[in-house]
Amino acid sequence: MSLEARQQRLQEIEELRRLGIEPYPYRFERTHNTEEIRKAFDQRLEAGQTLESERVSTAGRVMALRKHGKSIFFVLQDFHGTIQGYIRKKEAGDEVFKRFDDFVNIGDHIGIRGFPFKSKTGELTVFVLEYEILSKSLRTLPEKWHGLKDKEIIYRQRYLDLIANRESLNRFVIRSRAISFIRDFLNSRGFLEVETPILHHVTGGANARPFVTHLNALDIDMYLRIAPELHLKRLIVGGFEKVYELGKNFRNEGISYKHNPEFTSIEVYQAYADYSDMMELTEEMITELVRFINGGLKINYQGVEIDFTRPWKRVSMRDYIKEHLDVDILEDPDERLLEVVESHGQEVSMKERGHLIEKLWDLVEDGIVHPTFVTDYPVEISPLAKRHRLDPRLTERFELIIFGREIANAFSELNDPVDQLERFRRQAQLRAAGDEEAQMMDEDFVRALEYGMPPTGGLGIGIDRLVMFLTDVPSIRDVILFPLVRPQGREEREDEEA
RNA sequence: GGGCCGCUAGCUCAACAGGUAGAGCGGCUGAUUCUUAAUCAUUACGCUGCAGGUUCGAGUCCUGCCCGGCCCCCCA
């Protein structure tokens with residue numbers, strides 16, 4: 001910004017203090033927020049009318065000033081919206097008016113007291129008799145008409161985005177409501193919210209590279225969790241029957257429009273249930289959520305209609321791939337799988353069967369638009385899921401795909417400790433062969449299973465991605481208040497400090 | 001990690017084919033007692049992302065780097 005404007009504000013602050021006015025006072029008593037003023041008086045007033053017997057006090061940030069010499073119109077913005085204010089020399093008095101004229105700038109927080117009226121054009125307005133500066137601003141706000149468009153500033157200085165772009169603030173309110181809804185939904189069905197460690201000695205529950213950190217007190221390296229899964233299942237072993245955890249996971253992987261290194265998930269576990277129960281739960285929870293946020297079950301996402309009406313389509317991974325690629329992931333040999341993958345221009349770094357199947361799946365996943373449960377994943381790519389009751393080559397697992405994106409992942413949880421140990425060993429082999437995303441052996445988890453875990457259904461949902469659909473935004477960054485951004489260069493930071 | 005595109009005033013954007021860097025909003029000063037993208041007058045705003053190079057001359061052309069966006073690879 002021009003240094004000049006900032007200098008000007010600093011001088012005004014000095015001057016205010018000389019006049020005995022504190023530019024950063026401690027509190028202000030509001031009788032109404034802007035929304036409450038509208039509720040209380042909008043119906044009671046007609047254009048040109050005043051309600052001089054009433055008194056309201058409200059506060060907010062000055063977003064616009066329209067000066068007319070002996071009167072000033074201004075716009076005050078608070079969390080709930082905006083309200084116009086009007087101050088006139090005649091009613092406020094020479095001194096109060098002059099101080100407003102001299103010292104109130106766009107960007108300042110002020111508190112006002114006065115009575116409601118409606119201008120002759122019908123705008124509900126507070127006629128100001130007294131005002132207080134609540135916080136002086138030193139910097140000029142982004143432009144009022146075009147808003148703030150620079151993605152870099154939007155993500156790095158989210159506070160400016162929230163001030164300047166109302167729809168952005170609204171989006172994060174929706175996110176908050178969605179999360180509250182999910183908690184309420186599960187709480188009302190008897191689930192308990194729990195907290196498990198984020199600092200892990202061994203990571204598990206997903207295939208991803210972890211962040212490594214160091215614990216000084218014990219002089220050991222630790223990992224940030226990539227998923228809470230293994231701890232939550234330990235709780236089922238311990239006797240909890242219905243638990244969930246909603247929180248951050250951390251994966252040291254690529255960043256994209258659908259990947260942020262830290263992201264929010266919810267995992268839900270229910271004893272004596274299987275993946276069919278989890279499907280029911282998922283379908284019910286998400287449809288009710290969509291209805292709660294959106295009003296109906298058809299949403300428009302980036303110009304495409306997505307229909308959440310129940311029941312959702314269910315298709316096995318094997319059938320879906322066979323239908324679209326004419327290859328059978330159970331019966332055809334590795335060579336045939338590889339051939340199909342390569343015929344679609346994909347390269348494969350590891351020719352292990354599990355990877356080939358995942359590649360095949362990636363080729364067709366994008367074709368799914370409406371919510372679809374894709375079921376019965378091969379055992380090779382599902383090391384924590386229980387084998388399918390009808391075919392031991394498969395697992396009882398599903399992913400919920402919407403608009404080609406994985407939104408949820410669930411299984412009948414593997415509770416056979418011997419099988420689990422074998423699966424971990426297989427993963428360990430893959431790690432040894434260079435697959436950094438293969439899962440780590442978690443011996444304590446196997447020991448827990450040896451004490452006996454009841455049949456259990458488990459479910460994980462990517463909250464950020466779900467909120468993307470609810471708010472119709474193209475990037476995961478638009479639903480994360482402070483998405484990960486590269487730190488600015490040293491030069492620039494020194495400039496900022498100077 | 002690879003490829004493509006972008007970076008101009010606090011913000012939103014201009015600047016032909018290489019020839020003095022502009023506008024609107026915002027800021028300063030002034031006028032204006034019902035405005036609402038208020039209006040009118042006045043004025044200041046710039047290391048054109050950074051560092052080099054080509055050229056008489058670079059916002060513009062070339063090279064490298066920073067940051068961002070998009071695509072590819074990969075985790076959800």
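These numbers were taken from a predicted model, which means no experiment stands behind them.
Screening residues 466-475 of chain A for side-chain hydrogen bond (donor to acceptor under 3.5 Å, both in side chains), with sequence neighbours left out, gives A:Gln302-A:Asp472.
Among the protein residues, A:Arg66 comes within range of the nucleic acid bases, having at least one heavy atom under 4.0 Å from a base atom. Looking at heavy-atom distances under 4.0 Å, A:Lys89 makes no contact with the nucleic acid at all. Counting non-hydrogen atoms under 4.0 angstrom, A:Gly460 reaches nothing in the nucleic acid. Across all strands, A:Asn260 comes closer than 4.0 Å to base atoms (heavy-atom distances). Nucleic acid contact class of A:Gly462 (heavy atoms, under 4.0 Å, all strands): none. Across all strands shown, A:Asp150 has heavy atoms under 4.0 Å from sugar-phosphate atoms exclusively, and none from any base. Using a 4.0 Å heavy-atom criterion, one finds that A:Ile153 contacts the sugar-phosphate atoms exclusively.
For the P atom pair drawn from B:U60 and B:U54, the interatomic distance equals 15 Å after rounding to whole Å. Spacing of C1' atoms, B:C5 relative to B:G10, comes out at 26 Å, to the nearest Å.
Counting atom types as modelled, A:Gln84 pairs a side-chain N or O with a base atom of B:U35 as donor and acceptor under 3.5 Å.
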Can I get a per-line list of side-chain donor-acceptor pairs under 3.5 Å for residues 122-130 of chain A, giving both atom names and the distance, sequence neighbours left out?
residue  : atom : partner  : partner atom : Å
A:Thr125 : OG1  : A:Gln84  : NE2          : 3.0
A:Thr125 : OG1  : A:Glu123 : O            : 2.8

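At the phosphate of B:C11, neither OP1 nor OP2 sits under 4.0 Å from any side-chain N or O atom of A:Arg139.
Helical stems in RNA chain B, defined as runs of 3 or more consecutive Watson-Crick or G-U wobble pairs with both donor-acceptor distances under 3.5 Å, are listed by first residue as B:1-6 with B:67-72, B:10-13 with B:22-25, B:29-31 with B:39-41, B:49-53 with B:61-65.
Comment: A:Glu54 engages A:Arg44 in a salt bridge, judged by a side-chain N to carboxylate O separation of less than 4.0 angstrom.
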